[in-house]
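Only one structure is covered here, and it is reproduced in the block below.
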Amino acid sequence: MKNFITLGALVISLALIVYLYVRLSAAERELAQAKRHVADCEQVTFQLQNQLTAQARDKAAAAGQPVPGEQE
């Protein structure tokens, strides 16, 4: 009887270890995906900032005003 209790505890422990491993693996995959999304968003933000700066410079140049970001 004592062996059955020990065996049951070992089986439950193994099942818990496997369950936690699967959960950890899923969380790591989601974290990697989130990091890729953040990197993509940063790149798009950078590109949009560059476009906005170029548009502001074009408008200032067309209006004959000093170009923002440049020294006079």
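All values reported here derive from a predicted model rather than from experimental measurement.
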Nearest-0.5 Å distance, [atom1] of residue [X] to [atom2] of residue [Y]:
| X | Y | atom1 | atom2 | value |
| --- | --- | --- | --- | --- |
| N50 | Q55 | CG | CD | 11.5 Å |
| R29 | L31 | CZ | CG | 12.0 Å |
| L24 | I17 | CG | CD1 | 13.0 Å |
| K35 | H37 | NZ | NE2 | 13.5 Å |
| M1 | T6 | CE | OG1 | 10.5 Å |
| L52 | T45 | CG | OG1 | 12.0 Å |

Side chain to side chain contact (heavy atoms under 4.5 Å, CB included), paired with L20, selected from V18, V22, L16 =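 Running side chain to side chain contact (heavy atoms under 4.5 Å, CB included) over V18, V22, L16 with L20 returns exactly one hit, L16.
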
